[in-house]
Amino acid sequence: PVAAQTNQLRWVSDHDDSRVEARLRGNVTFTVAGDWIETMAPGSEAWFEEREGRRTRRVEFAPSGSGVSVRYLENGAPREMDAQAQAWARGLVTRATRDAGLGLAQRVPRLRASGGVPAVLREAGESRSDSGRRLYLTALYDSGPLTPAEAAQVIQFVERSIRSDSDRRLVLTAAIRRGGVSGPAVDALFRAAGEMRSDSDRRLVLTAAIDAGLARGSGLAPFFRAVE
C-alpha cells in the first residue's frame with residue numbers, strides 16, 4: 001500500500017467535452033499500482049467523477065470498519081459495480097493518481113527498484129499534464145542520486161515531454177541542484193533551457209547552471225546556444 005496524506009485535495013481536468021474531478025479529504029492509502037484506495041483513516045472521504053455529455057459516473061470511497069466501502073453511481077443514482085464499472089473506476093483512479101501525483105513519494109522508489117529510471121519515466125509519460133510529469137520527476141530525484149547516464153535520460157525526457165516553461169524550470173533546476181549532470185546530460189539540459197519561451201524561466205535555469213560550473217569547458221558552447 002502507498003499512503004497519500006492530505007487534509008483536502010481537489011483535482012479537475014477538462015478535456016474536450018468531458019470533465020474529470022477528484023476530491024479527497026483526510027488520510028488515504030493507495031495501492032502500489034495507484035489504481036485503487038486500499039485504506040482510509042476514520043473521517044476520510046474520497047470520490048472520483050467523470051462527466052461526458054449528459055452522462056456522469058462517479059465512484060465513492062469511505063472508511064468502513066477496518067476496510068473501505070465503495071459505491072458506484074451513474075447520473076446520481078447508485079448502480080451495481082459490475083466488472084465493466086470496476087474497470088472504468090480503476091482507470092479513472094489511475095488517471096487521477098498519474099496526473100495529480102498522489103502517493104508518488106512511496107510509489108516512485110518502488111518503480112525505480114523494480115524497473116530502474118526507465119520504468120519511472122514510462123509511467124510519468126502516461127500523465128496527461130506537464131505538472132503531473134514534473135511531480136514524477138521530483139519524486140524520482142527525491143528517491144536517491146542518479147548516475148550521469150540516468151540524469152541524461154531524465155533531462156532528455158524533459159526535453160521531449162514537458163512543454164510548460166515553469167514545470168521545465170523546476171525540473172531542470174532540481175537536476176542541477178542534485179548533481180550528476182555531466183557529459184550528454186549537459187548538452188540536453190542547455191537544449192531544454194534554450195527552447196524555453198519565458199526569458200525569466202530560462203534565466204533562472206542558466207544562472208543555476210553557471211553556479212554549478214556547467215557553463216565551462218565542453219558546456220560553454222551549448223550554454224551560449226541556449227542564451228541566443
Are the side chain of [X] and the backbone N or O of [Y] linked by a donor-acceptor pair below 3.5 Å?
X      : Y      : value
Asp201 : Arg169 : no
Arg178 : Tyr141 : yes
Asn75  : Thr56  : yes
Arg134 : Leu170 : no
Glu150 : Thr147 : yes

How about [X] and [Y]: do any of their side-chain heavy atoms sit closer than 4.5 Å?
X      : Y      : value
Ser13  : Arg128 : no
Leu102 : Leu24  : yes
Arg191 : Asp187 : yes
Val186 : Val181 : yes
Ile176 : Leu214 : yes
Arg23  : Leu9   : no
Pro63  : Pro42  : no
Trp88  : Arg57  : yes

Rounded to the nearest 0.5 Å, how far does [atom2] of [Y] lie from [atom1] of [X]?
X      : Y      : atom1 : atom2 : result
Glu159 : Leu189 : CD    : CG    : 9.5 Å
Tyr136 : Arg107 : OH    : CZ    : 4.5 Å
Glu45  : Glu60  : CD    : CD    : 9.0 Å
Ser164 : Arg133 : OG    : CZ    : 10.0 Å

(message) As a quick check of understanding, evaluate side-chain contact (heavy atoms from CB on, under 4.5 Å) for Leu121 and Gln153, giving each step before the final call.
(response) CA-CA 9 Å; Leu121 298 182; Gln153 291 176 47; 4.1 Å; yes
Distance-only donor-acceptor check, side chains [X] and [Y], under 3.5 Å:
X      : Y      : result
Ser69  : Ser64  : no
Glu21  : Trp47  : no
Arg112 : Ser143 : yes
Asp99  : Ser129 : no
Tyr72  : Glu80  : no
Asp142 : Thr138 : no

(request) Report the residues that fulfil side-chain hydrogen bond (donor to acceptor under 3.5 Å, both in side chains) with Arg160, sequence neighbours left out, ordered by chain and then residue number. (result)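 By the side-chain hydrogen bond (donor to acceptor under 3.5 Å, both in side chains) rule, Arg160 matches no residue at all.
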(request) Just do the side-chain contact (heavy atoms from CB on, under 4.5 Å) check on Asp82 and Gln86 with the steps written out, would you? (result) CA-CA 6 Å; Asp82 57 17; Gln86 185 167 91; over 6 Å; no
(request) Starting from the C-alpha separation in whole Å, work towards a yes-or-no answer on salt bridge (Lys or Arg N to Asp or Glu O under 4.0 Å) for Arg55 and Glu74. (result) CA-CA 7 Å; Arg55 187 186 191 190; Glu74 287 194 20; 3.5 Å; yes
(message) Under 6.0 Å from the ring centre and within 45 degrees of the ring axis: does the NZ or CZ of Arg90 meet both conditions for the six-membered ring of Trp36?
(response)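 Arg90 over Trp36 ring: yes.
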(request) Would you please name every residue forming a salt bridge (charged side-chain N to carboxylate O under 4.0 Å, His left out) with Arg19, sequence neighbours left out? (result)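 Checked Arg19 against salt bridge (charged side-chain N to carboxylate O under 4.0 Å, His left out); matches are Asp14.
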